[in-house]
Amino acid sequence: MIKKDEQFIEVAIKMALKAREEGNEPFGAILVKNNKIVMYGENKINSNCDPTHHAEIGLIRTFCSENNIFDLNEYTLYTSCEPCVMCTGAMVWSNLGKIVYSVSHDQLAEIAGSNIMISCKEVIEKSPNKPVVIEKVLNVEGLKVFDGYTFSH
């Protein structure tokens with residue numbers, strides 16, 4: 001594991017805490033190119049009244065639109081939690097180079113209850129673009145984001 005990965009995951013975890021403080025679900029993400037953060041993202045499903053506004057997909061939509069690009073192969077997306085099917089799909093469509101996450105889907109299912117139980121790796125296996133996936137970076141710290149949090153279903 002690279003020290004930089006840990007530093008960037010710390011920022012993604014901070015974004016998750018920010019989302020939680022703002023009344024959204026506790027998920028955060030950042031986009032990095034050449035060891036520089038180029039975009040921050042947080043879950044805004046409640047703020048925006050948009051069930052699809054997860055941290056990762058919101059970040060990808062905004063960054064690509066603002067920068068008029070489709071190809072993120074030189075970028076790494078750091079996220080506090082393993083991306084869901086929808087967000088992983090967006091990562092594949094944007095040709096993302098690398099995904100690094102803290103909390104795994106299985107760990108989240110234990111905390112939040114099961115949802116669409118398909119790992120990001122399963123989505124990537126069936127996809128034409130295959131981002132590199134690094135799992136469970138600062139896992140203990142990532143899990144702390146959910147302390148005392150209750151998911152509403």
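The pair Lys121-Glu125 does not meet the salt-bridge criterion, since no charged nitrogen lies less than 4.0 angstrom from a carboxylate oxygen.
In the model, Ser127 has no side-chain atom that pairs as donor or acceptor with a side-chain atom of Asn129 under 3.5 Å. For the residue pair Asn73 and Asn95, no side-chain donor N or O sits within less than 3.5 Å of a side-chain acceptor on the partner. Side chains of Asn139 and Gln107: a donor-acceptor N/O pair is present below 3.5 angstrom, by distance only. Under the 3.5 Å distance criterion, with hydrogens and angles disregarded, no donor-acceptor pair is assigned to the side chains of Glu82 and Ser104. Side-chain contact check for Ser94 and Arg61: no donor-acceptor pair (N or O, by modelled atom type) lies under 3.5 Å.
Atom CG of Asp106 and atom CG of Leu108 lie 9.5 Å apart (nearest 0.5 Å). A distance of 7.5 Å separates OG1 of Thr76 from CG of Asp5, quoted to the nearest 0.5 Å. With values rounded to the nearest 0.5 angstrom, Ile57 atom CD1 is found 12.0 Å from Asn43 atom CG. Remark: Ile30 CD1 to Thr79 OG1 distance equals 9.5 Å, nearest 0.5 Å. Atoms OH and OH, on Tyr78 and Tyr101 in that order, are 14.5 Å from each other to the nearest 0.5 Å.
The aromatic rings of Tyr75 and Phe63 sit perpendicular, their planes meeting at an angle over 60°, well past the 30° parallel limit.
Across every non-hydrogen atom of Cys120 and Pro83, the tightest pair is CB-O, 3.8 Å. Nearest approach of Leu138 to Glu10, heavy atoms of both residues: CD1-CG, 3.5 Å.
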*Step by step, work out the side-chain contact (heavy atoms from CB on, under 4.5 Å) result for Lys98 and Leu77.*
CA-CA 6 Å; Lys98 184 173 163 186; Leu77 197 146; over 6 Å; no

*Derivation of the side-chain contact (heavy atoms from CB on, under 4.5 Å) call for Tyr149 and Ile111*: CA-CA 9 Å; Tyr149 185 80; Ile111 297 164; over 6 Å; no

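Connection of Ile37 to Met39 is not established within any shared hydrophobic cluster, with ILVMFWY side chains joined at heavy-atom distances below 4.5 Å, either directly or through further cluster members.
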